Amino acid sequence: YMRPRMTETDSYSPPFEIGQVMDGGGIGVVVDSRHPGFREGDVVMGMLQWAHYQLSDGSGFMRKIEPGVAPWKDYLGVLGGASLTAYVGLKL
(Lines give C-alpha, C1' and ligand atoms only; values in the text may rest on other atoms or scores of the structure.)
Protein backbone atom coordinates (compact mmCIF):
# COMPACT_ATOMS: atom_id res chain seq x y z
CA TYR A 1 0.00 0.00 0.00
CA MET A 2 2.70 2.49 0.96
CA ARG A 3 5.25 1.78 -1.79
CA PRO A 4 2.97 2.75 -4.71
CA ARG A 5 1.95 5.90 -2.81
CA MET A 6 5.62 6.96 -2.70
CA THR A 7 6.04 6.64 -6.48
CA GLU A 8 4.18 7.71 -9.61
CA THR A 9 2.91 4.15 -10.11
CA ASP A 10 -0.79 3.80 -10.87
CA SER A 11 -2.62 2.77 -7.72
CA TYR A 12 -6.07 2.79 -6.19
CA SER A 13 -4.82 5.45 -3.79
CA PRO A 14 -3.22 8.75 -4.90
CA PRO A 15 0.54 9.21 -4.42
CA PHE A 16 1.87 11.30 -1.55
CA GLU A 17 3.03 14.78 -2.42
CA ILE A 18 6.48 15.98 -1.35
CA GLY A 19 6.19 17.53 2.10
CA GLN A 20 2.85 15.87 2.84
CA VAL A 21 2.51 13.98 6.12
CA MET A 22 2.17 10.27 5.40
CA ASP A 23 -0.98 8.54 6.53
CA GLY A 24 -2.19 5.00 6.78
CA GLY A 25 -3.95 2.62 9.12
CA GLY A 26 -3.14 3.53 12.69
CA ILE A 27 -4.22 3.68 16.30
CA GLY A 28 -4.38 6.81 18.43
CA VAL A 29 -5.59 8.12 21.76
CA VAL A 30 -7.96 11.09 21.89
CA VAL A 31 -6.20 13.90 23.76
CA ASP A 32 -9.02 16.45 23.59
CA SER A 33 -12.43 16.35 21.92
CA ARG A 34 -15.42 18.50 21.10
CA HIS A 35 -17.01 15.67 19.08
CA PRO A 36 -20.05 14.02 20.74
CA GLY A 37 -18.89 10.54 19.70
CA PHE A 38 -15.34 10.73 21.08
CA ARG A 39 -14.09 11.55 24.58
CA GLU A 40 -10.64 12.27 25.96
CA GLY A 41 -8.86 8.95 26.52
CA ASP A 42 -10.80 7.01 23.86
CA VAL A 43 -8.62 4.77 21.72
CA VAL A 44 -9.42 5.07 18.00
CA MET A 45 -8.33 3.36 14.82
CA GLY A 46 -8.55 4.46 11.23
CA MET A 47 -6.65 6.29 8.53
CA LEU A 48 -4.36 8.44 10.66
CA GLN A 49 -1.38 10.63 9.94
CA TRP A 50 2.05 9.33 10.90
CA ALA A 51 2.51 12.16 13.39
CA HIS A 52 2.49 12.74 17.13
CA TYR A 53 -0.76 14.71 16.95
CA GLN A 54 -3.55 15.08 14.42
CA LEU A 55 -6.69 17.16 14.17
CA SER A 56 -9.76 15.24 13.01
CA ASP A 57 -13.47 15.91 12.70
CA GLY A 58 -14.15 12.24 13.51
CA SER A 59 -15.53 11.45 10.07
CA GLY A 60 -14.39 8.91 7.56
CA PHE A 61 -12.82 5.62 8.52
CA MET A 62 -12.40 6.20 12.25
CA ARG A 63 -13.89 4.14 15.02
CA LYS A 64 -13.43 3.58 18.72
CA ILE A 65 -11.68 0.52 20.05
CA GLU A 66 -13.58 -0.95 22.97
CA PRO A 67 -11.28 -1.40 25.98
CA GLY A 68 -10.42 -4.91 27.10
CA VAL A 69 -11.49 -6.72 23.91
CA ALA A 70 -7.96 -7.27 22.57
CA PRO A 71 -4.53 -5.62 22.82
CA TRP A 72 -4.26 -2.46 20.70
CA LYS A 73 -1.59 -3.95 18.44
CA ASP A 74 -4.01 -6.68 17.35
CA TYR A 75 -6.22 -4.07 15.67
CA LEU A 76 -3.38 -3.43 13.23
CA GLY A 77 -2.63 -7.16 12.92
CA VAL A 78 -5.11 -10.02 13.22
CA LEU A 79 -8.11 -7.71 13.71
CA GLY A 80 -6.98 -5.16 11.11
CA GLY A 81 -7.48 -4.46 7.45
CA ALA A 82 -4.62 -6.61 6.17
CA SER A 83 -6.01 -9.72 7.86
CA LEU A 84 -9.52 -8.97 6.63
CA THR A 85 -8.16 -8.58 3.09
CA ALA A 86 -6.37 -11.94 3.36
CA TYR A 87 -9.47 -13.65 4.76
CA VAL A 88 -11.73 -12.34 2.00
CA GLY A 89 -9.13 -13.28 -0.61
CA LEU A 90 -9.10 -16.86 0.65
CA LYS A 91 -12.88 -17.15 0.83
CA LEU A 92 -13.74 -15.70 -2.58
Side-chain angles (χ1 to χ4, degrees):
Y1 168 78
M2 298 305 279
R3 185 178 299 268
R5 294 200 65 197
M6 291 186 272
T7 66
E8 293 296 322
T9 305
D10 286 339
S11 177
Y12 59 87
S13 190
F16 292 115
E17 295 180 23
I18 294 175
Q20 176 186 356
V21 177
M22 293 178 69
D23 63 0
I27 294 177
V29 177
V30 176
V31 176
D32 187 24
S33 178
R34 293 186 205 121
H35 189 283
F38 299 97
R39 297 181 312 158
E40 181 179 330
D42 283 346
V43 179
V44 296
M45 71 175 292
M47 292 300 286
L48 302 176
Q49 294 176 343
W50 291 15
H52 291 286
Y53 296 96
Q54 168 180 337
L55 181 63
S56 173
D57 63 4
S59 65
F61 180 65
M62 182 165 307
R63 66 182 181 94
K64 283 196 278 190
I65 293 176
E66 297 302 324
V69 174
W72 294 0
K73 65 178 180 57
D74 289 350
Y75 287 90
L76 294 177
V78 298
L79 299 174
S83 292
L84 178 60
T85 300
Y87 175 79
V88 171
L90 288 170
K91 292 295 185 178
L92 290 180

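These figures come from a predicted structure and were not determined experimentally.
Heavy atoms only, all atoms of each residue included: E40 and V31 are closest at CG-O, 3.2 Å. Minimum interatomic distance between Q49 and V21 (heavy atoms only, all atoms of both residues): CB-CG1, 3.8 Å. Pairing each heavy atom of I27 with each of L76, the nearest pair is CD1-CG, 3.8 Å. In terms of heavy atoms, Y75 sits closest to R63 at CD2-NH2, 4.1 Å. In terms of heavy-atom proximity, S56 sits nearest to G58 at OG-N, 3.0 Å.
Under the 4.5 Å side-chain heavy-atom criterion for Ile, Leu, Val, Met, Phe, Trp and Tyr, M47 and I65 are members of distinct hydrophobic clusters.
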Under 3.5 Å, sequence neighbours excluded: what are the donor-acceptor pairs made by side chains of residues 79-92?
from : atom 1 : to  : atom 2 : distance (Å)
S83  : OG     : G77 : O      : 2.8
T85  : OG1    : G81 : O      : 2.8

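A distance of 8.5 Å separates CG in D57 from CE in M62, rounded to the nearest 0.5 Å. Atoms CG and CD, on L48 and Q54 in that order, are 5.0 Å from each other to the nearest 0.5 Å.
With R5 contributing its side chain and P14 its backbone, the two residues share a donor-acceptor pair below 3.5 Å.
Enclosure of atom CD in E8 is not indicated, since only 12 or fewer non-hydrogen atoms of other residues, nucleotides or ligands lie within 6.0 angstrom.
For the side chain to side chain donor-acceptor pair (under 3.5 Å) test, no residue two or more places apart in sequence or in another chain qualifies with D32.
Screening residues 21-58 for ring-ring contact (aromatic ring centres under 6.0 Å, His included), with sequence neighbours left out, gives H35-F38.
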